[in-house]
There are 2 protein chains.
Amino acid sequence: MPKIVDHDTRREEIAEALWRVVRRDGIRAASVRTIAAEAGWSAGAVRYYFPDQDGLLSFAMDLVSRRVTDRVSAIEPKGSVETIVLRYLDEVLPLDAERRAEFDVWLAFMAQARAESGAGALQEHLGKVHNELRQLCESLLHSLADAGVLRDGLDLRREVELLHALLDGLALHAAIQPDRTTPTRLRQLMRRHLESLMAENP
Amino acid sequence: MPKIVDHDTRREEIAEALWRVVRRDGIRAASVRTIAAEAGWSAGAVRYYFPDQDGLLSFAMDLVSRRVTDRVSAIEPKGSVETIVLRYLDEVLPLDAERRAEFDVWLAFMAQARAESGAGALQEHLGKVHNELRQLCESLLHSLADAGVLRDGLDLRREVELLHALLDGLALHAAIQPDRTTPTRLRQLMRRHLESLMAENP
DNA sequence: AGTTTTTCAGCACGACTGTGTTATAAAACG
DNA sequence: CGTTTTATAACACAGTCGTGCTGAAAAACT
């Protein structure tokens with residue numbers, strides 16, 4: 001048969017084709033056949049790498065979060081604490097068209113996951129990623145607190161939840177109205193929120 | 001034929017059946033036939049009220065936002081400005097299981113709307129509702145400002161966007177992790193955010 | 001050179017899809 | 001009581017769905 005193939009990269013190619021279909025026509029159009037056509041193979045070929053459709057969906061959702069995690073863990077923590085924190089937040093927010101597309105797909109997966117009663121694979125994955133992002137918020141705020149730049153009397157646990165919710169909310173708004181919620185505006189708003197947590201007179 | 005029927009209420013019944021299907025099995029399962037079965041009629045009957053599937057989807061999305069709007073406009077503005085503002089926010093946040101279900105459905109519609117390239121009906125509707133919610137945030141913050149309870153030096157336009165994003169983010173979190181983001185916690189977080197905007201020593 | 005393994009296309013199956021069209025029954029109206 | 005209108009079911013049609021199975025071609029290995 002044709003050249004030997006790396007299964008993982010092939011699976012990723014197919015998953016990315018799924019992303020494009022979901023983004024263009026919605027998750028309702030994400031059939032094995034349309035995905036195969038988008039990827040440029042036959043349906044049988046796709047089925048060789050993914051035994052069933054659920055596995056494909058779940059893999060594709062996983063891949064989205066893995067891409068984000070990879071970007072985040074590639075960050076080098078150089079500079080002042082404030083700039084490091086902002087750089088992390090920059091990487092999580094959808095600041096360009098590619099990341100906005102990523103979030104569109106993620107949005108579709110979230111909605112689909114919510115429809116899984118009990119403990120489906122998507123549901124479980126959504127919970128995991130949700131917790132990981134909260135933990136990132138937590139560690140960012142803690143490093144700010146350790147550096148002593150935060151205001152006194154803050155309930156850190158509350159601020160973690162607020163920052164986390166703000167992050168997701170801003171990402172959503174960037175997807176819904178990219179014209180109004182531009183990258184610059186996103187960064188502005190994020191910075192303004194962090195400033196409200198910091199000491200008023202440095 | 002059978003008794004004469006109010007078309008609008010019938011359409012709403014069918015739309016609510018669609019909600020249940022979307023919530024239980026996701027938007028991918030929302031076919032004319034499954035919706036008809038859920039509503040307890042034949043597919044032909046459903047088609048009598050909705051000529052095609054797109055119209056049904058768009059009507060059902062519209063109905064979600066209309067329900068929220070109705071609740072919001074039913075609020076009587078009594079009491080201090082702060083309590084009024086909190087009551088409005090209470091009505092927008094998913095504080096009980098019913099409203100959380102509503103948001104799940106809304107989430108599915110948002111994801112589907114994002115897939116409509118250009119100016120589809122869902123896309124347009126999403127933009128409209130998005131703006132309305134921002135305008136609510138705007139008027140709430142302005143009434144707080146007029147009452148003089150806000151801190152000096154606030155950029156109100158920024159705070160509107162932040163409050164709006166926080167609202168959507170919290171709603172999302174309440175849907176994803178209702179155990180952690182309980183109604184009481186939601187209200188706590190919202191109150192904490194508003195307090196951070198208000199004068200430190202009243 | 002022959003054999004095995006890997007990769008892919010293709011077809012078949014039964015179920016389901018959206019959308020028409022038609023038939024029928026019940027209520028409303030003359 | 002007869003006629004018209006409204007509401008619903010039922011069926012038809014062409015297409016698509018997920019999934020299983022088969023076969024063939026190409027690389028890898030012996």
Side-chain angles (χ1 to χ4, degrees), chain A residues 1-22 24-61 108-109 111-113 115-116 120-122, chain B residues 1-22 24-61 108-109 111-113 115-116 120-122:
Chain A
M1 28 186 83
K3 61 163 181 263
I4 196 161
V5 135
D6 182 30
H7 280 211
D8 283 338
T9 38
R10 189 63 120 220
R11 267 190 264 265
E12 296 195 0
E13 280 180 47
I14 297 174
E16 286 172 13
L18 182 144
W19 295 355
R20 292 194 294 275
V21 170
V22 166
R24 186 178 348 104
D25 302 315
I27 203 174
R28 306 175 65 209
S31 71
V32 174
R33 283 170 169 88
T34 51
I35 295 164
E38 173 70 32
W41 288 300
S42 75
V46 167
R47 209 174 172 283
Y48 179 73
Y49 295 97
F50 294 100
D52 59 15
Q53 191 183 223
D54 286 350
L56 211 178
L57 232 67
S58 146
F59 180 91
M61 181 174 185
F109 281 133
Q112 185 62 35
E116 284 181 344
L122 301 191
Chain B
M1 27 182 86
K3 61 168 182 263
I4 194 161
V5 133
D6 181 29
H7 280 211
D8 283 338
T9 40
R10 189 63 120 221
R11 268 190 264 264
E12 296 195 358
E13 281 180 47
I14 297 174
E16 287 171 14
L18 182 145
W19 295 354
R20 292 193 295 275
V21 170
V22 166
R24 186 177 349 104
D25 302 314
I27 204 173
R28 306 176 65 208
S31 72
V32 174
R33 284 170 169 88
T34 51
I35 294 164
E38 173 71 32
W41 288 299
S42 74
V46 167
R47 209 175 172 282
Y48 179 73
Y49 295 97
F50 294 100
D52 60 14
Q53 191 183 222
D54 284 351
L56 210 177
L57 232 67
S58 146
F59 180 91
M61 181 174 185
F109 281 132
Q112 185 62 36
E116 285 181 343
L122 301 191

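Treat the numbers as computed from the prediction; the structure is a model and nothing was measured. In what follows, chains are A, B, ... by sequence order, proteins preceding strands, each numbered from 1.
- Nucleotide dA7(D) holds its P atom 12 Å from the CG atom of D8(B), rounded to whole Å.
- With R11(A) contributing its side chain and Y49(A) its backbone, the two residues share a donor-acceptor pair below 3.5 Å.
- The CG-C1' distance, from L56(A) to dC17(D), rounds to 15 Å in whole Å.
- Mapping Y48(A) and G44(A) onto DNA chain C via the closest heavy atom, the residue that lands nearer the 5' end is Y48(A).
- Remark: side-chain polar atoms of S58(A) are not paired, donor with acceptor, to backbone N or O of A121(A) under 3.5 angstrom.
- Straight-line distance from the CG atom of D54(B) to the P atom of dG18(C): 10 Å, rounded to whole Å.
- Atom CD1 in I14(B) sits about 12 Å away from atom P in dA7(D), given to the nearest Å.
- Taking a pair as Watson-Crick or G-U with both hydrogen-bonding distances under 3.5 Å, the stems of three or more pairs touching DNA chain D are C:2-24 with D:7-29, C:26-30 with D:1-5.
- For the pair R11(B) CZ and dT8(D) P, the interatomic distance rounds to 12 Å; values are reported in whole Å.
- Side-chain contact between Q112(A) and V22(A) is absent, with no heavy atoms from C-beta onward closer than 4.5 Å.
- Side-chain contact between E13(A) and E16(A): absent, with no pair of heavy atoms (C-beta onward) separated by less than 4.5 Å.
- Per the geometry, CZ belonging to R28(B) stands 13 Å off P belonging to dG18(C), to the nearest Å.
- Contact of the Y48(A) side chain with the H7(A) side chain is registered, since non-hydrogen atoms from C-beta on lie closer than 4.5 Å.
- When all heavy atoms of A111(A) and A108(B) are compared, the closest pair comes out as CB-CA, 3.6 Å.
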Under-3.5 Å N/O pairs linking protein and nucleotides 15-17 of chain C:
residue : atom : partner : partner atom : Å
dT17(C) : OP1  : S31(B)  : OG           : 2.9

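- The listed nucleotides are dC8(C), dA9(D), dG20(D); the one nearest the side chain of W41(A) is dC8(C).
- For H7(B) and dT5(D), the NE2 to C1' distance is 11 Å, given to the nearest whole Å.
- Looking at heavy atoms from C-beta onward, L57(A) lies in side-chain contact with L18(A) at the 4.5 angstrom threshold.
- Atom CZ in R10(B) sits about 4 Å away from atom P in dT8(D), given to the nearest Å.
- Pairs engaging residues 35-45 of chain B under the salt bridge (Lys or Arg N to Asp or Glu O under 4.0 Å) rule: R20(B)-E38(B), R24(B)-E38(B) [sequence neighbours left out].
- Side-chain contact check for I14(A) versus W41(A): some heavy-atom pair is nearer than 4.5 Å.
- Counting non-hydrogen atoms under 4.0 angstrom, Y49(B) reaches the backbone sugars and phosphates but no base.
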